[in-house]
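Every chain is numbered from 1 and lettered A, B, ... according to where its sequence line falls, protein lines coming before strand lines. Below, each value reflects all heavy atoms present in this structure, side chains not excepted, and no hydrogens, waters or symmetry copies. Keep in mind the model is a prediction, meaning the values are calculated, not measured.
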There are 2 protein chains.
Amino acid sequence: MTPPPTPKKPERRTTPLSRERIVDAAIDLLDTAGESGLTFRALSERLATGPGAIYWHVANKSELLVAATNRVVSIALAAQKAGQPGAIHDVALGLYDAIEKHPWLAPQITAQLSHNPTGPVTILIFEDIGRQVSALDVPASSWFTATTALMHYILGAAGQNAANLARARSLGPDADRSAYMDTVAGAWKQLSPEDYPFTRAVAEQGLDHDDRTQFLAGIDLIITGVTAGPPTA
Amino acid sequence: MTPPPTPKKPERRTTPLSRERIVDAAIDLLDTAGESGLTFRALSERLATGPGAIYWHVANKSELLVAATNRVVSIALAAQKAGQPGAIHDVALGLYDAIEKHPWLAPQITAQLSHNPTGPVTILIFEDIGRQVSALDVPASSWFTATTALMHYILGAAGQNAANLARARSLGPDADRSAYMDTVAGAWKQLSPEDYPFTRAVAEQGLDHDDRTQFLAGIDLIITGVTAGPPTA
DNA sequence: ACATGATTGGAACGCTGTTCCACACTTGTT
DNA sequence: AACAAGTGTGGAACAGCGTTCCAATCATGT
């Protein structure tokens, strides 16, 4: 509605290269080209600049990865209501879906849990899961254990699922997760019955083909443990 | 007792550079110099050879990491007896100790769970944990969920603990885990009570200073969930 | 004594994250 | 209107990485 040709603000240039734009491009690159696809040269090209310019806005690659992770996690956890029944499912599925959409996320989060336990990503997730745990009817003494157990299960299982999906897709666009799980079960059935009786037995009974149901079963298992048996603190 | 100078077997040369020796050196390098310390050049130097020679015995770095992981995990899980009460604790602590001794192990295992779900490391761990689960008095339908939950918790929690330990050591040789946990709790107490009520509450009540007890509490929590509440399959 | 094939180790290639610096552009002051 | 200052840019250059290549060496069968 106001298109005079360069009036007062000549608009520095087309899209002036901000930290936000860099993080956006980084996330896009990670999603499309994978973890190893994020390089400063590829990023430069996509942003139509040189590698040096990026370093004006971002200290190094590590900080860039933290920022990208933080952004995605924040969005995933943004819309949560506390205290409601099934609220843990919402938080868990929020992370689950984010990790499925961004397969690089799970390794990144676990790496940041290790390298920076007081960092924003760590606290964001811990707080969000923990809030649902504290709404459960359990003594405060088991909060930490319960939250930790849930967090590790969510990140591990969701990461595993995302990896399975990515692998299934790489085997051909027609093959879905279901077909891929059959492949895995098939491989497991080849194992020696003497050395690997359990894995074979599980393979025989068939792997679950509904990933979300399987994931939530694990969540419920832990919740059951939390509410059923605090061993008298 | 038999020191004739080079009798029949002149002994090719001092230590002829086998795949086993390479893996040994790699593990040593990972333990002492960390994940980023394992390079083919450092490895060459330690083995008194060139980078090219290593490639005769090992296809690439990825395969070398798989072999190193496999070796350490195999040893950690070697002495396990099935079916005994508390056997899950033994398996869990076996992995826990191995990860504490080799801080690079947890990230490696989770990466291999993703990249190669039918690989030896994956199956080794899954089988060993699962065997203890199947000895529990639960229906076979919950075996997969229970084993998965335990596996992810063990790897996540043990990895976190190892990272904490490494971090504590890097802050000074006198500081132990206990002092480090106080540091973390201190940082958490600085958080805004409005945005992070749960994390603050947990920090106030103090973090557990006995890492193994804390770890086993999580294991027991999951086991309780497994035995108490299969929600009527 | 020779030929063969299994090993070795150093040089070289392409890639990475990162640093450096000469250049443009915007802005505030005269 | 002209200039100084400082913010932002982008391309060149560096060290180090995994990996490949190949001429030289060793152990061995003939």
Asks: According to a strict under-4.0 Å criterion, is A:Thr49 in side-chain N/O contact with OP1 or OP2 of D:dG10?
Replies: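 True: A:Thr49 side-chain N/O within range (under 4.0 Å) of D:dG10 OP1/OP2.
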
Asks: Listing request: all ring pair (Phe, Tyr, Trp, His ring centres under 6.0 Å) pairs with a residue in residues 24-57 of chain A, at least two apart in sequence or in separate chains.
Replies: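 The answer is A:Phe40-A:Tyr55.
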
Asks: Please report the end-to-end axis angle for the helix from C:dA1-D:dT30 to C:dT26-D:dA5, five pairs per end, rounded to 10 degrees.
Replies: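 Taking five pairs per end, the axes differ by 20°.
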
Asks: May I ask you to test the A:Leu64-A:Leu43 pair for a side-chain heavy-atom distance under 4.5 Å?
Replies: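 Yes, at least one pair of side-chain atoms sits under 4.5 Å.
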
Asks: Output every pair passing ring pair (Phe, Tyr, Trp, His ring centres under 6.0 Å) with a member in residues 166-187 of chain A, not counting sequence neighbours, ordered by first then second residue.
Replies: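 For residues 166-187 of chain A: none.
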
Asks: Taking only distance into account, with no hydrogens and no angle test, what donor-acceptor pairs under 3.5 Å do side-chain atoms of residues 99-109 of chain A form with protein atoms, sequence neighbours excluded?
Replies:
residue	atom	partner	partner atom	Å
A:Glu100	OE1	A:Asn161	ND2	3.2
A:His102	ND1	A:Asp31	OD1	2.7
A:His102	ND1	A:Asp31	OD2	2.9
A:Trp104	NE1	A:Asp31	OD1	2.7
A:Gln108	OE1	A:Gln112	NE2	3.0

Asks: Identify, with sequence neighbours excluded, every residue that meets side-chain contact (heavy atoms from CB on, under 4.5 Å) alongside B:Leu207.
Replies: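 Listed in chain order: A:Phe144, B:Met181, B:Val184, B:Ala185, B:Trp188, B:Val202.
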
Asks: To the nearest Å, give me how far apart CG (B:Leu65) and C1' (D:dG18) are.
Replies: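 So the CG-C1' distance, B:Leu65 to D:dG18, works out to 12 Å.
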
Asks: With B:Thr148, which residues qualify under side-chain hydrogen bond (donor to acceptor under 3.5 Å, both in side chains), at least two apart?
Replies: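 Partners of B:Thr148 by the side-chain hydrogen bond (donor to acceptor under 3.5 Å, both in side chains) criterion come out as none, since no residue qualifies.
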
Asks: Could I get the full list of side-chain contact (heavy atoms from CB on, under 4.5 Å) partners for B:Arg46, not counting sequence neighbours?
Replies: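 Expected list: B:Ala25, B:Asp28, B:Leu29, B:Thr32.
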
Asks: Given atom CG of A:Leu64 and atom C1' of C:dT18, what is their separation to the nearest angstrom?
Replies: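 Between C1' of C:dT18 and CG of A:Leu64: 14 Å.
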
Asks: Is there a residue in residues 30-42 of chain A whose heavy atoms reach under 4.0 Å of DNA chain D, and which residues are they?
Replies: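 Residues of residues 30-42 of chain A that come under 4.0 Å of DNA chain D are, in numerical order, A:Arg41.
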
Asks: Where along residues 50-58 of chain A does a heavy atom come under 4.0 Å from DNA chain D, residue by residue in number order?
Replies: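 Nucleic-acid contacts, sorted: A:Gly50, A:Pro51, A:Gly52, A:Ala53, A:Trp56, A:His57.
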
Asks: Categorize A:Ala59 for me: base, sugar-phosphate, or nothing, with a 4.0 angstrom heavy-atom threshold over every strand shown.
Replies: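 No contact.
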
Asks: Just the rounded figure in Å: distance from P of D:dT9 to CZ of A:Arg19.
Replies: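 It is 14 Å, rounded to the nearest whole Å.
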
Asks: Not counting sequence neighbours, which residues clear side-chain contact (heavy atoms from CB on, under 4.5 Å) with A:Asp182? List them please.
Replies: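 Once residues adjacent in sequence are excluded, the partners of A:Asp182 under the side-chain contact (heavy atoms from CB on, under 4.5 Å) criterion are A:His209.
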
Asks: In this structure, how many angstroms lie between the C1' atom of C:dT16 and the CG atom of A:Asn60, rounded?
Replies: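 Rounding to the nearest Å, CG of A:Asn60 and C1' of C:dT16 are 14 Å apart.
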
Asks: Could you tell me how far apart B:Lys61 (NZ) and D:dC17 (C1') are, to the nearest whole angstrom?
Replies: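 Those two atoms, NZ and C1', are 8 Å apart.
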
Asks: Could you name each residue pair satisfying salt bridge (charged side-chain N to carboxylate O under 4.0 Å, His left out) that touches residues 153-173 of chain B, not counting sequence neighbours?
Replies: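 Listed once each, the pairs would be none.
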
Asks: Above 12 or not: heavy atoms from other molecules or residues under 6.0 Å from CD of B:Glu45?
Replies: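 Atom CD in B:Glu45 is not crowded, with 12 or fewer foreign heavy atoms closer than 6.0 Å.
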
Asks: Among all residues two or more places apart in sequence or in another chain, which pass the side-chain contact (heavy atoms from CB on, under 4.5 Å) test with B:Asp210?
Replies: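 For B:Asp210 the side-chain contact (heavy atoms from CB on, under 4.5 Å) partners, ignoring immediate neighbours, are B:Asp208, B:Arg212, B:Thr213.
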
Asks: Let me know the distance between CD of A:Glu45 and P of C:dC15, rounded to the nearest Å.
Replies: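 It works out to 12 Å between those atoms.
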
